[in-house]
Amino acid sequence: MPELPEIETIRRGLTPHLVGHTIKRAAVYQHALRWPIPATLAKTLAGQTIRSLRRRAKYLLIDLDQGTLIIHLGMSGRLYLLKHASKHGTHDHCEFFLEDDHVLRFTDPRRFGAILWTTAAANEHPLLASLGPEPLEKNFSADYLWRITRKRTVAIKLFIMTNQHVVGIGNIYAAESLFAAGISPLKPAGELTHSQCTHLVAAIRNVLRAAIRAGGTTLKDFVNGDGKPGYFSQQLHVYGRAAQPCIRCHTLLTSIAMGQRSTVYCAHCQK
DNA sequence: AGAGGTACCTGGCAGC
DNA sequence: TGCTGCCAGGTACCTC
């Protein structure tokens with residue numbers, strides 16, 4: 001499932017193929033995503049040139065002449081380039097045909113994704129306006145995490161997965177970061193020491209950066225026939241390893257549900 | 001304001 | 001083999 005590193009990988013992979021190119025026409029085959037694709041989108045985009053690709057949280061922002069496409073891949077979304085137009089399938093919901101014959105295709109079997117259009121500054125869009133800091137930027141610091149967690153009783157895993165606090169940390173990277181920092185996912189956020197905040201911020205950064213680096217190695221496969229951008233399989237230490245031995249202490253990993261999400265951790269290494 | 005729960009959707013898999 | 005039923009997950013939004 002696309003998390004922040006995947007979106008960043010997609011942004012970097014698509015940028016050289018899209019920037020400066022013009023959308024000849026667009027086609028929407030399925031409007032019913034998380035929110036409806038605007039009915040007039042295809043008409044709006046025709047003839048506009050792509051200026052830049054940005055990322056905010058897990059949103060990909062494609063700047064055009066007259067506004068910005070806001071794209072979210074949800075759970076199962078994929079965005080990839082085809083060298084030539086080809087017949088679209090059941091889960092291909094939207095296509096952007098470029099003047100150089102490439103086709104940017106949005107595919108999303110579970111339809112948790114979104115394609116929206118705004119003519120205002122994208123960061124002012126309601127979906128983006130109240131997002132917290134980017135985990136890889138300076139304003140996501142130990143001091144910041146320490147300050148906003150004070151007196152908060154919610155479990156730290158749920159806390160860091162909340163977008164107003166810090167963006168882009170989904171279930172997988174939350175579990176991995178907490179393991180790397182040696183902090184129990186169940187620990188009330190307000191009980192983290194300043195030192196633990198330091199470790200957690202560093203762990204989140206390291207895990208995300210490693211995943212982005214791993215994604216970079218698959219970029220050469222980004223434009224291909226089968227439409228698989230080649231999501232990297234990161235080395236996961238706890239996620240998906242319930243009841244398997246901890247890589248550090250060999251204690252069997254514990255699996256619990258938190259906020260209706262599976263959570264795997266080492267009860268020995270994570271306090 | 002904080003905490004907790006719900007909905008959306010469908011492929012894949014376990015169980016019968 | 002074929003059916004049913006559950007699970008996975010991101011995140012806006014609802015309720016208490």
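Per chain, numbering begins at 1; letters A, B, ... match sequence-line order. FYI, side chains are in, hydrogens and waters are out, and symmetry mates aren't considered; it's all heavy atoms of this structure. If you're wondering where the values come from, they're calculated on a predicted model, not measured in any experiment.
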#### Entry: Rounded distance in Å - CE (M258(A)) to P (dG4(B))
9 Å
### For K157(A), side chain to side chain donor-acceptor pair (under 3.5 Å) partners two or more places apart
N171(A), T263(A)
### Query
What are the two closest heavy atoms between G67(A) and Q48(A), and how far apart are they?
N-OE1, 4.2 Å
### Message
According to ring-ring contact (aromatic ring centres under 6.0 Å, His included), who are the partners of Y59(A), at least two apart in sequence or on a separate chain?
### Response
H72(A)
### Query
Could you give the CE-to-P distance, from M75(A) to dG11(B), as a whole number of Å?
13 Å
### Sorted by number, the residues of residues 144-156 of chain A with heavy-atom contact under 4.0 Å to DNA chain B
R152(A), T153(A), V154(A)
### Task
Assign F159(A) to base, sugar-phosphate, or nothing according to its heavy-atom contacts below 4.0 angstrom with the strands shown.
nothing
### Task
For M161(A) and dA8(C), give me the distance from atom CE to atom P, rounded to whole Å.
12 Å
## Note on the structure
So, with a heavy-atom separation below 4.0 Å from DNA chain B, the residues of residues 121-135 of chain A are none
### Query
Can you give one letter per nucleotide of nucleotides 5-10 of chain B, going 5' to 3': B for a protein heavy atom under 4.0 Å from the base, S for sugar-phosphate only, - for none?
SB-BBB
### Task
With D100(A) as reference, evaluate H17(A), K83(A), H21(A) under the side chain to side chain contact (heavy atoms under 4.5 Å, CB included) test and give the passing residue.
H21(A)
### Query
Side-chain contact, heavy-atom cut-off 4.5 Å: R209(A) with L136(A)?
yes
### Task
Could you grab the distance from atom OG of S255(A) to atom OH of Y265(A), nearest 0.5 Å is fine?
9.5 Å
### Message
A side-chain contact here means heavy atoms from C-beta on lying under 4.5 Å apart; do R241(A) and L236(A) qualify?
### Response
no
### Message
Could you report the tightest heavy-atom contact between A267(A) and K271(A), atom names first, then the distance?
### Response
O-NZ, 3.0 Å
### Task
Note the angle between the end axes of the helix from dG2(B)-dC16(C) to dC16(B)-dG2(C), five pairs defining each, rounded to 10 degrees.
50°
### Task
May I ask you to test the V103(A)-L98(A) pair for a side-chain heavy-atom distance under 4.5 Å?
no
Contacts under 3.5 Å, N or O only, protein and nucleotides 13-15 of chain C:
none

### Query
Between atom CD1 in I256(A) and atom C1' in dC7(C), what is the gap in whole Å?
17 Å
In a table with atom names and distances, give each donor-acceptor pair under 3.5 Å that connects a side chain of residues 22-38 of chain A to protein atoms at least two apart or in another chain.
| unit_1 | atom_1 | unit_2 | atom_2 | d |
| --- | --- | --- | --- | --- |
| T22(A) | OG1 | T49(A) | OG1 | 2.8 |
| Y29(A) | OH | E95(A) | OE1 | 2.5 |
| Q30(A) | OE1 | A32(A) | N | 3.0 |

### Task
Give a yes or no on whether the backbone of A174(A) and the side-chain of S177(A) come within a donor-acceptor separation of less than 3.5 Å.
no
### Task
Keeping to residues at least two apart or across chains, list the salt bridge (Lys or Arg N to Asp or Glu O under 4.0 Å) pairs with something in residues 112-137 of chain A.
R55(A)-E134(A), R56(A)-E134(A)
### Query
Quick one: OG1 on T198(A) to CG on L145(A), what's the gap to the nearest 0.5 Å?
9.0 Å
### Message
I need the full list of salt bridge (Lys or Arg N to Asp or Glu O under 4.0 Å) pairs touching residues 58-77 of chain A, with sequence neighbours left out, sorted by first then second residue.
### Response
E3(A)-K58(A), R51(A)-D65(A), R54(A)-D63(A)
#### Entry: Rounded distance in Å - NE2 (H165(A)) to C1' (dG2(B))
9 Å
#### Entry: Residues forming a side chain to side chain donor-acceptor pair (under 3.5 Å) with S262(A), sequence neighbours excluded
none
### Message
If the condition is side chain to side chain donor-acceptor pair (under 3.5 Å), which residues does R205(A) pass it with, not counting sequence neighbours?
### Response
none
